[in-house]
Amino acid sequence: MKNSRIIASLDLVDPKEILDLAEKISGEIFAIKINWPTIMSCGVEIIDHLSNYSKVICDLKIADIPYTNEKIANIASGHGAWGIISHIFPGEDSLKAVVKGAMGTKVFGVVSMSNPDSEHLLNGNWQTMMRIGKTNGIYGIVAPANNQDLLIKIKKEAGNLKIISPGSIFQGGDPLLTLENGADYVIIGRGIYESKDPVEFINNFNELCKRNNLLGE
Ligand code: BMP
């Protein structure tokens with residue numbers, strides 16, 4: 001579905017299972033996100049294979065020195081990633097290297113996280129990280145679906161940056177409210193792949209978005 005607001009986080013480790021599910025849902029979502037468990041279990045080629053079905057966002061949360069960051073981003077881009085998620089906290093030099101290595105693949109920067117203890121270290125610095133992101137060519141940011149107060153504040157200052165939000169359902173967030181409060185896309189993992197019928201779950205959520213005038217362009 002061209003205008004779906006769902007990014008399906010397929011954090012599965014069996015290549016057949018992930019490709020079968022990707023085939024079933026690809027027409028009804030915006031993109032698929034994969035993370036380290038999938039890439040480490042299935043190999044980096046899983047990015048190429050999934051790209052046959054959908055846009056693929058590689059959630060690598062890159063957080064290293066510039067030299068290493070550039071290489072990581074470049075490998076993901078070379079395998080067809082549509083998007084890459086990077087940390088911003090290591091600093092401007094490190095983020096610049098991600099954007100350079102990404103070669104046009106869209107970079108999403110983490111400005112806050114959904115795990116409760118991210119309040120202690122990371123989340124308080126979201127404004128600085130967002131400023132660094134904006135001035136270094138990122139396409140979007142990651143902000144939590146289970147912390148609506150923070151999401152609303154982040155939305156007010158996000159400008160053109162797309163907001164993608166994890167933390168719904170299994171982490172307590174409400175995906176519809178997350179879109180209402182300004183996220184462009186909700187990232188949903190276990191809520192989809194652990195549901196009895198992932199296709200039905202996705203169709204129902206797309207329908208709910210439609211009824212609430214929340215379908216994207
Ligand atoms: P789930 O819907 O099953 O909780 O999955 C959420 C996904 O989003 C996981 O891949 C997780 O690593 C990722 N994520 C998150 O949950 N919170 C964040 O702040 C950033 C993430 O990338």
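Ligands are counted one by one from 1 in listed order, and the atoms in each one are counted from 1 as well. Each residue takes its place number in the sequence, starting with 1.
For the pair Ile188 and Ser168, the tightest heavy-atom approach, listed with the atom from each and the gap, is CG1-CB, 4.5 Å. Shortest non-hydrogen contact noted between Ile29 and Ala31 is CD1-O, 3.4 Å.
Considering each of Gly167, Ser118, Ser114, Ala8, the one bringing a non-hydrogen atom nearest atom 17 (N) of ligand 1 is Ser114. Nearest to atom 13 (C) of ligand 1 by heavy-atom distance, out of Met113, Lys33, Glu194, is Lys33.
Looking only at atom types and distance, the side chain of Ser4 has a donor-acceptor partner in the side chain of Asn206 under 3.5 Å away.
The shortest N or O to N or O distance between Tyr193 and ligand 1 is not below 3.5 Å. Taking distance alone, with nitrogen or oxygen atoms compared against 3.5 Å, Gly189 approaches ligand 1 more closely than that limit. Distances between N or O atoms of Arg190 and those of ligand 1 include at least one value under 3.5 Å.
Of all protein heavy atoms, the one lying nearest to atom 12 (O) of ligand 1 is Asn35 ND2, 3.0 Å. Closest to atom 9 (C) of ligand 1 among all protein heavy atoms lies Asp11 OD2, 3.3 Å. Counting only heavy atoms of the protein, atom 21 (C) of ligand 1 lies nearest to Lys61 NZ, 3.4 Å.
Between the CE atom of Met129 and the CZ atom of Phe89 there is a distance of 8.5 Å, given to the nearest 0.5 Å. Note that the CD1 atom of Ile164 and the OH atom of Tyr185 stand 10.0 Å from one another [nearest 0.5 Å]. Ser165 contributes atom OG, which lies 10.0 Å from atom CZ of Arg5 (distance to the nearest 0.5 angstrom).
With a 4.0 Å heavy-atom cut-off, ligand 1 is reached by the side chain of Gln171 but not by its N, CA, C or O.
Atom numbering of ligand 1 starts at 1 in the shown order; those under 4.0 Å from a heavy atom of Asp59 are 13 (C), 22 (O). Close contacts of ligand 1 with Pro166, meaning ligand atoms under 4.0 Å from a residue heavy atom, involve 8 (O), 14 (N), 15 (C), 16 (O), 17 (N), 18 (C), 19 (O), 20 (C), 21 (C).
Using 4.0 Å as the threshold, Ser9 has a heavy atom nearer than that to some atom of ligand 1.
For Lys162 and Phe108, the positive end is not near the middle of the six-membered ring at less than 6.0 Å and at most 45° from its axis.
Among pairs with a residue in residues 166-184, none fulfils salt bridge (charged side-chain N to carboxylate O under 4.0 Å, His left out), at least two apart in sequence or across chains.
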